[in-house]
Amino acid sequence: MQAVVSISTKILKSRFEPVGALPLMHTIIYTSERLMSQSTSIPKKQQRVRDHGFDNYMEVEKKMRKVLKFQELILTQPSSMLSVSRLDMLSRRIGFKQFEAGHFILKFPHVFEIFEHPVQRILYCRFTRKAHMQIDQENQALLAQIPDAVTRLRKLLMLSNTGRLRLEHVRIARKEFGLPDDFEYSVILKYPQYFRLFDAEETRNKYIEIVEKDPRLAVCSIENAREKEYREKGGEAENIRFSFIVNFPPGFKIGKYYKIAVWKWQRLPYWSPYEDISGYDLRSLEAQKRMEKRAVATIHELLSLTVEKKITLERIAHFRLTMNLPKKLKDFLLQHQGIFYISTRGNHGKLHTVFLREAYKKGELVEPNNLYLARRKLAELVLLSPRKAKVDKELVSYRRDREDDEAAHVRRKYVNNGTDHAIPQGIASRNGDSEEDLVSDLDCDVGSDYTDEDSDDDEGVDFDADNAQRSN
């Protein structure tokens, strides 16, 4: 009986506790609710999980970038061949060391051919027959898809807030969007019904402006993918209406609350990247969430407009202000590793290449186009074993186990009969591929302004504000 009385007394005391204890209990309940709400939101910062399929793709791309530099040097010569001694001199001006050019071209005998000139009796370098066929195939594919490139450029301009982009920024990324080197004349000026070229009075920079927005082009690729998935797989329309195709990389840890957060995010409505949002009030929390998802859709559409469904992060940053993209792009993309993949292979981790995950499967493009296939032909030539090449063994050697002996062999074969010629105008910057010298501060906590090798004079409207913050 006493035990029953003591228990009831404790219960009554717990019911009539002092008021001062209530804030503590309220704090505990509020803290638990706050932790639960945080756990059901996508974390702002996440570790990048490597996907070897994309990284291996970039390892081949790293070799191809160097091969393309030599290709540009040789193609500018009248007879598309260059003496080995002059090739060594010109290659030093685009970042190669002395005697490194000869050592490099010996690695790729299926692309470059060394021969002895029948009259001058000195060594020359030219392309092999297979390499010439690849160059012709790529040029034909580039010309054949110019109508598609015009459509891509129109959609790219429609993604901008003002319907205009700086000409230099488009020129830097022209290869990604399938534009020819002379696109200013062969595309912009050739189609005055779509594009207008003008000089800005305040900055004296050239801009491309769309003449009239076509509502038929204002359809994102993700919208077409949603419709296709709904027709093939079915499912609840409310879950698919604003969703993205998510494929997490192997080894990515997905917890219970992370799944809930992704499910909530997939159902979150957002404005289309082609929609004019100037009349909306963006100060509310709901509007900010919609703008964040709209930024994902904008980058998704930007990657979909490229030929190979990939582009460097440094080049995306050129369109950051005009397309309302976040300041810290790398951290933003790492939040959505199921949609995008960032590869740091190439240039000692200073180069960041963004892939659209859904467009690739096992390191290959799911829906390849002719221009992509033509460019991959060069990769096939680069990856061919040099031991299978038919070469004149009296001129070159392939003893790979002793690189010092090989370098000495190259030096003996050089005949320095040429004088110091200036490098042809525009070699170092015409391709826009000298990203070996990129120095980016992508991991900087302060708002970073991204640089590209072709943009030495970034637009003051875009980047001066960021530079002013960093200087302070």
Side-chain angles (χ1 to χ4, degrees), residues 41-42 44 151-166 169-170 173 177 194-196 200 202 207-227 237-245 262 264-306 311 313 315-333 335-336 339-340 354 356 447 449-450 459-466:
S41 61
I42 298 179
K44 293 294 182 182
T151 304
R152 286 195 293 267
L153 184 56
R154 293 175 65 190
K155 291 173 72 72
L156 183 65
L157 291 171
M158 289 173 61
L159 288 175
S160 173
N161 296 331
T162 58
R164 64 180 65 174
L165 291 173
R166 186 176 166 183
H169 294 167
V170 179
F177 295 105
Y194 300 140
F195 311 110
R196 179 168 51 247
E202 60 276 7
Y207 285 82
I208 313 171
E209 187 176 39
I210 190 167
V211 174
E212 184 179 0
K213 294 185 178 181
D214 190 350
R216 294 173 297 180
L217 298 179
V219 180
C220 298
S221 63
I222 186 61
E223 297 177 15
N224 297 327
R226 289 188 196 120
E227 183 180 356
E238 188 64 26
N239 292 334
I240 302 177
R241 185 179 178 186
F242 301 106
S243 65
F244 287 80
I245 300 175
V262 172
K264 288 183 177 180
W265 184 85
Q266 290 278 50
R267 294 169 62 93
L268 180 67
Y270 68 96
W271 296 295
S272 171
Y274 295 105
E275 186 178 352
D276 185 13
I277 59 172
S278 58
Y280 293 104
D281 186 5
L282 305 178
R283 293 174 296 180
S284 65
L285 182 61
E286 182 70 19
Q288 293 176 8
K289 291 181 179 180
R290 291 192 177 193
M291 285 297 295
E292 289 180 3
K293 192 167 183 180
R294 184 178 188 265
V296 174
T298 303
I299 299 176
H300 185 285
E301 183 68 7
L302 188 66
L303 289 170
S304 301
L305 293 177
T306 59
I311 191 173
L313 190 61
R315 291 178 180 176
I316 295 178
H318 288 309
F319 309 113
R320 183 176 64 83
L321 290 181
T322 58
M323 296 183 183
N324 290 327
L325 299 180
K327 202 168 190 179
K328 296 182 180 180
L329 280 174
K330 183 179 178 182
D331 292 339
F332 180 75
L333 292 175
Q335 287 183 256
H336 307 281
I339 304 174
F340 311 106
V354 183
L356 186 61
D449 55 340
Y450 304 82
E459 180 182 1
V461 178
D462 290 355
F463 298 99
D464 285 349
D466 295 344

For Leu313 and Lys330, the nearest pair of non-hydrogen atoms, with its separation, is CD2-CB, 3.9 Å

If we ignore hydrogens and angles and just use 3.5 Å, is the side chain of Arg226 paired with the main-chain N or O of Ser243 as donor and acceptor? yes

In Å and rounded to the nearest 0.5 Å, what is the CD1 to CG distance from Ile339 to Leu356? 9.0 Å

Could you tell me if the side chain of His169 sits less than 4.5 Å from the side chain of Phe319, heavy atoms only? yes

Find the distance between CG (Leu305) and CZ (Phe177) and round it off to the nearest 0.5 Å. 6.5 Å

Point-to-point distance, once rounded to the nearest 0.5 Å, from CD of Glu223 to NE2 of His300: 11.0 Å

Taking atom types as modelled and ignoring hydrogens, do the side chains of Glu275 and Tyr280 form a donor-acceptor contact shorter than 3.5 angstrom? yes

Check against side chain to side chain contact (heavy atoms under 4.5 Å, CB included), Val296 and Phe340: CA-CA 9 Å; Val296 174; Phe340 311 106; 3.9 Å; yes

Would you call the rings of His336 and Trp265 parallel, tilted or perpendicular, taking 30° and 60° as the class edges? tilted

Geometric cation-pi criterion, Arg166 with Tyr207: 6.0 Å, 45°: no

Please check: side-chain N/O of Lys289 versus main-chain N/O of Ser284, any donor-acceptor pairing under 3.5 Å? no

Where is the tightest heavy-atom contact between Pro326 and Arg320, given as atom of each residue plus distance? O-CD, 3.1 Å

Where do Leu303 and Val354 come nearest, in terms of heavy atoms and distance? CD2-O, 3.6 Å

Phe244 backbone acceptor or donor facing Gln266 side chain under 3.5 Å: yes

For Ile245 and Ala225, work out which heavy atoms get closest and say how close. CD1-CB, 4.0 Å

Give a yes or no on whether the backbone of Leu157 and the side-chain of Arg164 come within a donor-acceptor separation of less than 3.5 Å. no

Leu268 side chain reached by Phe242 side chain, heavy atoms, under 4.5 Å: no

Could you measure the distance from the CG atom of Asp281 to the CD atom of Glu286? Nearest 0.5 Å is fine. 12.5 Å

If I take atom CD1 from residue Ile277 and atom CZ from residue Arg290, how far apart are they, to the nearest 0.5 angstrom? 12.0 Å

Between Tyr274 and Leu217, is there a side-chain heavy-atom distance shorter than 4.5 Å? no

Rounded at 0.5 Å granularity, tell me how far CG in Asn324 sits from CH2 in Trp271. 11.0 Å

Would you say that Met291 contacts Arg294 through its side chain, given a criterion of any heavy-atom pair below 4.5 Å between the two side chains? yes

What one should report as the nearest heavy-atom pair of Asp214 and Arg154 is CB-NH2, 3.5 Å

Is the number of heavy atoms from other residues, nucleotides or ligands under 6.0 Å of Gln288 CD greater than 12? yes

A side-chain contact here means heavy atoms from C-beta on lying under 4.5 Å apart; do Leu156 and Leu302 qualify? yes

Charged N to carboxylate O under 4.0 angstrom, Lys155 versus Glu301? yes

How close do Ala287 and Leu282 get, heavy atom to heavy atom, and via which atoms? CB-CA, 3.7 Å

